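As the structure is a computational prediction, the values presented were derived from the model and not from experiment.
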Amino acid sequence: MLTGKKLAVLGVGKLGEALVMGLLKQGDVRREDIAGSVAHEESLGRIRERLGIEAMTDNRRLVDGRDIILLAVKPQNMDRVLTEIAEVVTPQQLVITVAASVTTQFVEARLRAPVPVVRAMPNTPCVLGAGMTALCGGLYAQDEHLRTAEEIFRAVGETVFIDESLMDGVTGLSASGPAYLYVIIESLAEAGVKLGIPRDIATLLAAQTMLGAARMVLESKAHPALLKDVVTTPAGCTIDGLLELEEGKLRVTLIKAVVKAAERARELVETQNAHPRTSQPQVRH
Ligand SMILES: NC(=O)c1ccc[n+]([C@@H]2O[C@H](COP(=O)([O-])OP(=O)(O)OC[C@H]3O[C@@H](n4cnc5c(N)ncnc54)[C@H](OP(=O)(O)O)[C@@H]3O)[C@@H](O)[C@H]2O)c1
């Protein structure tokens, strides 16, 4: 479905670049079929050099004649960018938004025509083809649009469809999630350093252990608690480590971190819905 499709990426920043790199690596979209925009002239060189795609600062020119328009600017820039392209976007195009907290309703309200909109919440491991993306469709999105969006994000990782009301939860869990897990890897590596293990080896031990544990959960489909029990020998060392984690409230801390991030996203949605045509989503990452 993606073959020959022309893709415009508005806002080739960290996430936009990760997506384009992932798509190019998988070979699902040809380099000459992707073009991107940025805010500053000085960012153009970065995109041309790192991605080898056509780059510009003119969003209206960028979206003209493209099949898929991927909006990857910051949430606070969405209103301005949508207003800019509203007149040139047609219902024959598919708009995909990845902006945290920006609803399909927010996007639809700013476009002039009944344009199909899909909201996606990916994460940065897309760059390695190991991303996780949740998807939902707006008012005018048909099955074919959802399948096209699914294909884009399947090229760079796993996908799930969810109800839009759960998107803020996804933002707090899997979009922000890599940051929490980097802190855990960093902390485990620090522990290794404390115990005399060279930092590079300690980081490898921690990161590969996290990758292995994640694969065990995904591939065995067993409950994480059962997998934990397998590691925890009675009167062994792991149970002592787990006791420390319980005392340090790791579980509740992680739960609260995700809930807090999701709440922040939800607050922003409420602000937008209160003033759908005039409000600027305010984002505090
Ligand atoms: N980062 C993540 O892990 C992640 C995960 C899920 C979703 N998201 C969402 O992805 C979006 C981008 O996040 P990010 O982390 O990639 O931010 P970022 O690195 O700041 O990238 C934003 C990009 O948008 C460009 N831009 C700003 N105004 C523009 C305009 N008017 N026209 C065209 N381009 C414009 C910027 O250009 P310059 O480079 O010239 O300044 C920059 O390249 C956000 O909405 C975020 O919620 C991010």
Side-chain angles (χ1 to χ4, degrees), residues 15 18 22 25-26 98 100 120-136 150 153-266 285:
L15 201 266
K25 212 180 281 178
Q26 300 304 316
V98 299
M121 189 42 62
N123 61 14
T124 47
C126 284
V127 72
L128 302 173
M132 182 68 240
T133 305
L135 297 160
C136 65
E150 184 183 24
F153 292 98
R154 278 293 276 274
V156 292
E158 290 292 326
T159 56
V160 285
F161 283 100
I162 59 153
D163 192 89
E164 185 154 11
S165 63
L166 299 174
M167 271 297 192
D168 300 320
V170 171
T171 306
L173 177 48
S174 55
S176 301
Y180 313 148
L181 300 180
Y182 297 140
V183 171
I184 293 179
I185 291 174
E186 190 193 4
S187 309
L188 292 174
E190 288 277 283
V193 170
K194 169 82 179 150
L195 295 167
I197 302 171
R199 183 171 294 278
D200 55 340
I201 296 178
T203 303
L204 174 65
L205 293 174
Q208 178 63 22
T209 301
M210 182 167 284
L211 180 64
R215 285 190 59 193
M216 288 293 283
V217 172
L218 291 172
E219 291 174 31
S220 72
K221 301 201 187 325
H223 191 290
L226 284 180
L227 294 168
K228 180 200 69 186
D229 288 354
V230 174
V231 188
T232 315
T233 315
C237 357
T238 309
I239 189 66
D240 281 12
L242 288 171
L243 192 61
E244 287 294 324
L245 292 186
E246 294 298 346
E247 263 183 18
K249 297 189 167 53
L250 180 74
R251 276 173 203 264
V252 79
T253 305
L254 287 173
I255 293 167
K256 283 168 81 174
V258 174
V259 170
K260 196 79 181 171
E263 273 172 12
R264 177 67 83 203
R266 195 168 303 118
H285 281 305

> Taking the side chain as C-beta and beyond, is there a heavy-atom pair between Lys256 and Lys249 under 4.5 Å?
Replying inline: no

> Which atom pair, heavy atoms only, marks the closest approach of Ala261 to Tyr180?
Replying inline: CB-OH, 3.4 Å

> So, do Leu227 and Ser220 sit near enough that their side-chain heavy atoms are less than 4.5 Å apart?
Replying inline: yes

>> Could you report the tightest heavy-atom contact between Gly248 and Thr253, atom names first, then the distance?
In response: O-OG1, 4.2 Å

>> Using the rule given for side-chain contact (heavy atoms from CB on, under 4.5 Å), can you reason through Val160 versus Met132, listing the C-alpha separation, both sets of side-chain angles and the distance that settles it, and then say yes or no?
In response: CA-CA 8 Å; Val160 285; Met132 182 68 240; 3.9 Å; yes

>> Give me the atom names and distance for the closest heavy-atom approach of Ala175 to Met121.
In response: CB-SD, 3.6 Å

> Do Asn123 side-chain atoms and Ser174 backbone N/O form a donor-acceptor pair below 3.5 Å?
Replying inline: yes

> Under 4.5 Å between any side-chain heavy atoms of Val98 and Thr133, yes or no?
Replying inline: no

> Would you find more than 12 non-hydrogen atoms of other residues, nucleotides or ligands less than 6.0 Å from Met210 atom CE?
Replying inline: yes

> Less than 4.5 Å apart, any side-chain heavy atom of Leu135 and any of Ile162?
Replying inline: no

> How many angstroms lie between atom CG of Leu254 and atom CG of Leu173, to the nearest 0.5 angstrom?
Replying inline: 10.5 Å

>> Just so I know, are the side chains of Val156 and Pro122 near enough to count as touching, which here means a heavy-atom distance under 4.5 Å?
In response: no

>> I'd like to check Thr238 versus Lys228 (side-chain heavy atoms, cut-off strictly below 4.5 Å). Are they in contact?
In response: no

>> Any heavy-atom pair between the side chains of Phe161 and Glu150 that's under 4.5 Å?
In response: yes

> Looking only at heavy atoms, which two atoms of Glu164 and Cys136 are closest? And how far apart?
Replying inline: CB-SG, 3.6 Å

> Around atom NZ of Lys25, are there more than 12 heavy atoms of other residues, nucleotides or ligands at under 6.0 Å?
Replying inline: yes

> CG of Leu211 to CG of Leu204: how many Å apart, nearest 0.5 Å?
Replying inline: 10.5 Å

>> I need the minimum non-hydrogen distance between Ile185 and Ala206, along with the two atoms involved.
In response: O-CB, 3.7 Å

> Within the side chain of Ser176, is there an N or O that forms a donor-acceptor pair under 3.5 Å with the backbone of Thr171?
Replying inline: yes

> If you measure from CD1 on Ile197 to OG1 on Thr203, what distance do you get to the nearest 0.5 Å?
Replying inline: 10.0 Å

> What pair of heavy atoms forms the shortest contact from Gly169 to Val258, and how long is it?
Replying inline: O-CG1, 4.5 Å

>> Does Val259 form a side-chain contact (heavy atoms from CB on, under 4.5 Å) with Ile255? I'd like the steps, not just the answer.
In response: CA-CA 6 Å; Val259 170; Ile255 293 167; 4.2 Å; yes

